[in-house]
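Within every chain, numbering begins at 1; the chains are lettered A, B, ... in the order of the sequence lines, protein sequences first and strands thereafter.
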Protein chains: 2
Amino acid sequence: MTETRWLSDDERTAWVRFTAVLELLPAALDLQLVTDEDLTHFEYFTLAMLSEAPGRILRTSALAARTNASLPRLSRVISRLESAGFVARSLCSEDRRATNVSLTEAGWAKVVAAAPGHVEAVRRFVIDALTAEQIEQLSVISAAMLKRLDPDSRMLASEA
Amino acid sequence: MTETRWLSDDERTAWVRFTAVLELLPAALDLQLVTDEDLTHFEYFTLAMLSEAPGRILRTSALAARTNASLPRLSRVISRLESAGFVARSLCSEDRRATNVSLTEAGWAKVVAAAPGHVEAVRRFVIDALTAEQIEQLSVISAAMLKRLDPDSRMLASEA
DNA sequence: AATCGATAGTTGCACCTACAAGCAATTGAT
DNA sequence: ATCAATTGCTTGTAGGTGCAACTATCGATT
């Protein structure tokens, strides 16, 4: 094994701060959605991805790719959203193993209702805390990290 | 309610990318530690915080503050680390409600063994993906977000 | 010193997620 | 046409975390 390259003081400071953000920000966003809309961030994100899909319908595995969720996880989340009336499952005619998940009217209404509060939280904790220049920097920096974290950009791709 | 201020295109791009990082990075760091060291990132962080404390000992609530954990969560994590032999509980002489948690020799050895791999992962996914200038930008940006997320900087403070 | 409220920590219960096993449908090779 | 391997999704089981309830102790007041 080669010698460990420890972090410099500047690197360490940046990392400690960034780690704190990684810990606190998701919790803060979740809290807003759970208290205001009774949705976890992941549930909201799932509904949001569906709402942006053409026809507001997606196959389960396509939705899993967009939300970076495992199939088992997504399957249960869909079940919950289904019993809340926000999504509906239907069979896929092309491949009878597959299931399509579609956003119901109630689900669409839920996204529309929840979006402003969520965006407001994103502004409060992130966007409005930064200058336009810093937002651009964050964008570039995030892209650089994503190249390492997700080389195939499965997370961002709208499906080839 | 006032009119929603939606995100501009640039803001939205930055946010989508940053969200992906928020989702992928913790999972990537966890994966390295779990597979290589059989420790969750939170367990590692707990041991690391203890290892940096004077005398490698801390009261449970002080440790909870440093790790941003609820007492119930930390209590159970300590129980696990204790049965693994990495930490030990002892009674606090000054306040008999409190418990001190100390790092054992085995716990210290575990941190020492795990640190290089973890730092290497941090480098691989974050530090080495960025220029020195970008690391400085990330540091400043994180600080700005933390001011909103954690106004009292409980997370970073080494306890007043 | 007796008491009431706050604090330190643990535990019961419910929920969410991961991993692995399972079932059904599809694809590819013979 | 048939069988084996793969794919799409669901479910059984185990483990981690949050919230609320609980015990024990401390501190302040009377």
Side-chain angles (χ1 to χ4, degrees), chain A residues 22-24 26-35 38-47 50 57-84 87-102 154 159, chain B residues 23-24 26-35 38-47 50 57-84 86-102 154 159:
Chain A
L22 247 30
E23 177 74 27
L24 297 174
L29 295 176
D30 253 314
L31 184 60
Q32 182 272 319
L33 281 168
V34 169
T35 61
D38 198 33
L39 284 179
T40 64
H41 182 263
F42 181 74
E43 287 167 343
Y44 171 78
F45 194 69
T46 301
L47 294 178
L50 264 182
I57 187 168
L58 236 32
R59 282 173 53 157
T60 301
S61 33
L63 187 54
R66 276 173 180 67
T67 56
N68 190 45
S70 65
L71 250 359
R73 180 184 183 187
L74 184 61
S75 178
R76 291 185 217 264
V77 170
I78 291 173
S79 296
R80 268 176 271 152
L81 292 174
E82 188 178 31
S83 58
V87 306
R89 282 191 238 238
S90 56
L91 281 74
C92 178
S93 48
E94 298 156 6
D95 184 339
R96 282 186 302 183
R97 292 170 300 180
T99 40
N100 289 323
V101 186
S102 58
R154 275 178 301 121
E159 202 78 355
Chain B
E23 178 73 29
L24 297 174
L29 295 175
D30 254 314
L31 184 61
Q32 183 272 321
L33 280 167
V34 169
T35 60
D38 197 34
L39 284 179
T40 65
H41 181 263
F42 182 74
E43 288 167 341
Y44 171 79
F45 194 69
T46 301
L47 294 179
L50 265 183
I57 188 168
L58 236 32
R59 281 172 55 154
T60 301
S61 32
L63 187 53
R66 275 172 180 65
T67 57
N68 191 44
S70 65
L71 249 359
R73 180 184 183 187
L74 185 60
S75 177
R76 286 172 160 124
V77 170
I78 290 173
S79 296
R80 270 175 269 151
L81 293 174
E82 189 178 30
S83 57
F86 296 145
V87 305
R89 282 192 239 238
S90 55
L91 280 75
C92 178
S93 48
E94 298 155 4
D95 185 339
R96 280 184 307 181
R97 291 169 302 180
T99 39
N100 289 322
V101 186
S102 57
R154 274 179 301 120
E159 202 78 355

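The separation between A:Asp30 atom CG and D:dT17 atom P is 15 Å, rounded to whole Å. Between the CZ atom of A:Arg89 and the P atom of D:dG8 there is a distance of 16 Å, given to the nearest Å. Remark: P of D:dC22 and CG of B:Leu71 are 18 Å apart, rounded to the nearest angstrom. Residue A:Glu43 contributes atom CD, which lies 8 Å from atom P of C:dT17 at whole-angstrom precision. Whole-Å rounding puts the B:Arg59 CZ to D:dC26 P distance at 10 Å. Rounded to whole Å, the distance from CG on B:Leu63 to P on C:dA8 is 14 Å. With rounding to whole Å, A:Glu82 atom CD is found 14 Å from D:dC9 atom P. The CD1-C1' distance, from A:Ile78 to D:dT11, rounds to 14 Å in whole Å.
Note that the OG1 atom of A:Thr60 and the CZ atom of A:Arg89 stand 6.5 Å from one another [nearest 0.5 Å]. To the nearest 0.5 Å, atoms CG (B:Leu91) and CZ (B:Arg97) are separated by 13.0 Å.
Mapping B:Ala98 and A:Val77 onto DNA chain C by nearest heavy atom places B:Ala98 at the nucleotide closer to the 5' end. Each of A:Arg73 and A:Asp95 was assigned the nucleotide of DNA chain D with the nearest heavy atom; the assignment lying further toward the 5' end belongs to A:Asp95.
A donor N or O paired with an acceptor N or O is not found under 3.5 Å between the base of D:dG27 and the side-chain atoms of B:Arg96.
Contact annotation: A:Ser75 side-chain N/O to D:dC9 OP1/OP2 distance is not under 4.0 Å. In this model, the phosphate group of C:dT10 is not approached by any side-chain N or O of B:Ser79 to a distance below 4.0 Å at OP1 or OP2. Taking side-chain N and O atoms only, A:Thr60 has a distance below 4.0 Å to OP1 or OP2 of D:dC9. For D:dG8, neither phosphate oxygen OP1 nor OP2 lies less than 4.0 angstrom from any side-chain nitrogen or oxygen of A:Thr99.
Side-chain proximity of B:Pro72 to the nucleotides C:dC19, C:dT11, D:dG8 is greatest for C:dT11. Of the listed nucleotides (C:dT26, C:dT10, C:dC19), C:dT26 has the atom at the smallest distance from the side chain of A:Arg97. With distances taken from any side-chain atom of A:Arg76 to the nucleotides C:dT11, C:dA18, D:dC9, the minimum falls on C:dA18.
Between the side chains of B:Thr46 and B:Thr67, not a single donor N or O lies within less than 3.5 Å of an accepting N or O.
Classified by interplanar angle (parallel below 30°, tilted 30° to 60°, perpendicular above 60°), the ring pair B:Phe45/B:His41 is parallel.
Backbone-only contact: B:Arg80 has heavy atoms under 4.0 Å from sugar-phosphate atoms and none from a base.
When the options B:Thr99, B:Asp95, B:Val101 are evaluated for a side chain to side chain contact (heavy atoms under 4.5 Å, CB included) with B:Arg59, the one that passes is B:Asp95.
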